Peer 1: 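One structure is given below, represented as structure tokens, and several questions about it will come after.
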Amino acid sequence: SFYFVEEFLKLSQKYEIPAFIIWPRVYKSYRNYYSSYNLESQFGERLKKLTVKYNQKYYNFNESPECDIFYDASHQSVICFDKNLNFLVD
């Protein structure tokens with residue numbers, strides 16, 4: 001719900017806590033099918049606007065970082081954790 005995301009971002013800004021809104025990576029073979037629903041343009045754009053409004057960060061992990069290892073269709077491998085973390089703290 002966008003209401004709760006916005007409340008979270010308000011609190012993050014108020015208490016000067018960096019916040020990251022992350023669009024999770026989708027399993028490679030599902031990515032084209034997933035993209036056909038235009039979810040990024042419908043929801044991602046609204047999330048981006050909220051993060052800009054509250055001076056926070058938005059990342060789409062389908063664009064970066066480049067770790068494409070999954071345990072199954074819904075769970076990215078723990079092997080990607082270091083790459084994702086390094087990407088966020090850089």
Side-chain angles (χ1 to χ4, degrees):
S1 156
F2 288 107
Y3 171 80
F4 293 108
V5 171
E6 186 162 15
E7 291 302 306
F8 164 75
L9 292 171
K10 282 180 190 177
L11 288 171
S12 297
Q13 184 182 50
K14 178 179 177 180
Y15 294 106
E16 299 179 2
I17 300 169
F20 303 107
I21 300 298
I22 297 171
W23 192 278
R25 193 165 189 88
V26 177
Y27 186 62
K28 189 176 182 179
S29 63
Y30 295 150
R31 209 167 293 146
N32 287 338
Y33 178 73
Y34 173 85
S35 296
S36 72
Y37 284 98
N38 250 353
L39 297 174
E40 176 65 20
S41 66
Q42 293 177 35
F43 298 103
E45 293 304 316
R46 191 166 171 192
L47 290 171
K48 286 178 194 176
K49 287 178 185 174
L50 284 174
T51 56
V52 168
K53 180 178 178 180
Y54 295 101
N55 198 30
Q56 301 295 347
K57 303 288 184 193
Y58 171 86
Y59 297 106
N60 181 342
F61 275 9
N62 290 293
E63 298 168 359
S64 56
E66 294 299 323
C67 194
D68 218 11
I69 303 167
F70 284 76
Y71 287 125
D72 58 38
S74 300
H75 299 92
Q76 194 172 32
S77 171
V78 71
I79 295 167
C80 296
F81 181 77
D82 286 345
K83 291 181 182 185
N84 293 343
L85 184 61
N86 288 337
F87 176 80
L88 292 172
V89 296
D90 283 344

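Residues: numbered from 1 along the sequence shown. The analysis underlying the following values was restricted to heavy atoms, covering all of them including side chains, and did not include hydrogens, waters or symmetry mates. Just so it is clear, the model here is predicted, and its values are computed rather than measured.
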Peer 1: Looking at P24, is its backbone amide N or carbonyl O close enough to the side chain of Q76 to form a donor-acceptor pair, meaning the two atoms are under 3.5 Å apart?
Peer 2: no

Peer 1: List for me each residue that meets salt bridge (Lys or Arg N to Asp or Glu O under 4.0 Å) alongside K53, sequence neighbours excluded, and say none if there are none.
Peer 2: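 By the salt bridge (Lys or Arg N to Asp or Glu O under 4.0 Å) rule, K53 matches E6.
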
Peer 1: Please list, chain by chain and in numerical order, all residues satisfying side-chain contact (heavy atoms from CB on, under 4.5 Å) with L88, sequence neighbours excluded.
Peer 2: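 Per chain and number, L88 pairs via side-chain contact (heavy atoms from CB on, under 4.5 Å) with F20, I22, Y59, F61.
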
Peer 1: Please indicate whether Y71 has more than 12 foreign heavy atoms, meaning atoms of other residues, nucleotides or ligands, lying under 6.0 Å from its OH.
Peer 2: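 Yes, OH of Y71 has more than 12 neighbouring heavy atoms, counting only those of other groups under 6.0 Å.
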
Peer 1: From Y58 OH over to R46 CZ, what is the distance, rounded to the nearest 0.5 angstrom?
Peer 2: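 Nearest 0.5 Å value for the OH-CZ distance: 13.5 Å.
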
Peer 1: With sequence neighbours left out, what residues match V52 under side-chain contact (heavy atoms from CB on, under 4.5 Å)?
Peer 2: none

Peer 1: Give me the other members of the hydrophobic cluster that I69 sits in, counting Ile, Leu, Val, Met, Phe, Trp and Tyr linked by side-chain heavy atoms under 4.5 Å, directly or via other members.
Peer 2: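 When side chains under 4.5 Å apart are linked, the cluster holding I69 also contains I79.
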
Peer 1: Quick one: ring-ring contact (aromatic ring centres under 6.0 Å, His included) partners of Y30, sequence neighbours excluded?
Peer 2: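 Y30 satisfies ring-ring contact (aromatic ring centres under 6.0 Å, His included) with Y27 only.
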
Peer 1: Applying side chain to side chain donor-acceptor pair (under 3.5 Å), name anything that partners K49, two or more places apart in sequence or on another chain.
Peer 2: none

Peer 1: Going by the rule side-chain contact (heavy atoms from CB on, under 4.5 Å), which residues pair with S41 if we only count those two or more places apart in sequence or in a different chain?
Peer 2: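 side-chain contact (heavy atoms from CB on, under 4.5 Å) list for S41, sorted by chain: N38.
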
Peer 1: Which distance, rounded to the nearest 0.5 Å, do you find between the CG of L9 and the OH of Y54?
Peer 2: 7.5 Å

Peer 1: With distance as the sole test, does R25 use its side chain to make a donor-acceptor pair with the main-chain N or O of F70 at under 3.5 Å?
Peer 2: no

Peer 1: Kindly state each residue pair satisfying salt bridge (charged side-chain N to carboxylate O under 4.0 Å, His left out) with at least one member in residues 70-82, sequence neighbours excluded.
Peer 2: none

Peer 1: Could you name each residue pair satisfying side-chain hydrogen bond (donor to acceptor under 3.5 Å, both in side chains) that touches residues 10-19, not counting sequence neighbours?
Peer 2: E7-K10

Peer 1: Rounded to the nearest 0.5 Å, what separates atom CD in E63 from atom CH2 in W23?
Peer 2: 10.5 Å

Peer 1: Please round to the nearest 0.5 Å and tell me the distance separating atom CD1 of I17 and atom CD of Q56.
Peer 2: 9.0 Å

Peer 1: Identify, with sequence neighbours excluded, every residue that meets salt bridge (Lys or Arg N to Asp or Glu O under 4.0 Å) alongside R31.
Peer 2: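 Here the qualifying residues are D68.
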
Peer 1: Is there a side-chain contact between I21 and L50, using heavy atoms and a 4.5 Å cut-off?
Peer 2: no

Peer 1: Partners of Y3 by ring-ring contact (aromatic ring centres under 6.0 Å, His included), sequence neighbours excluded?
Peer 2: none

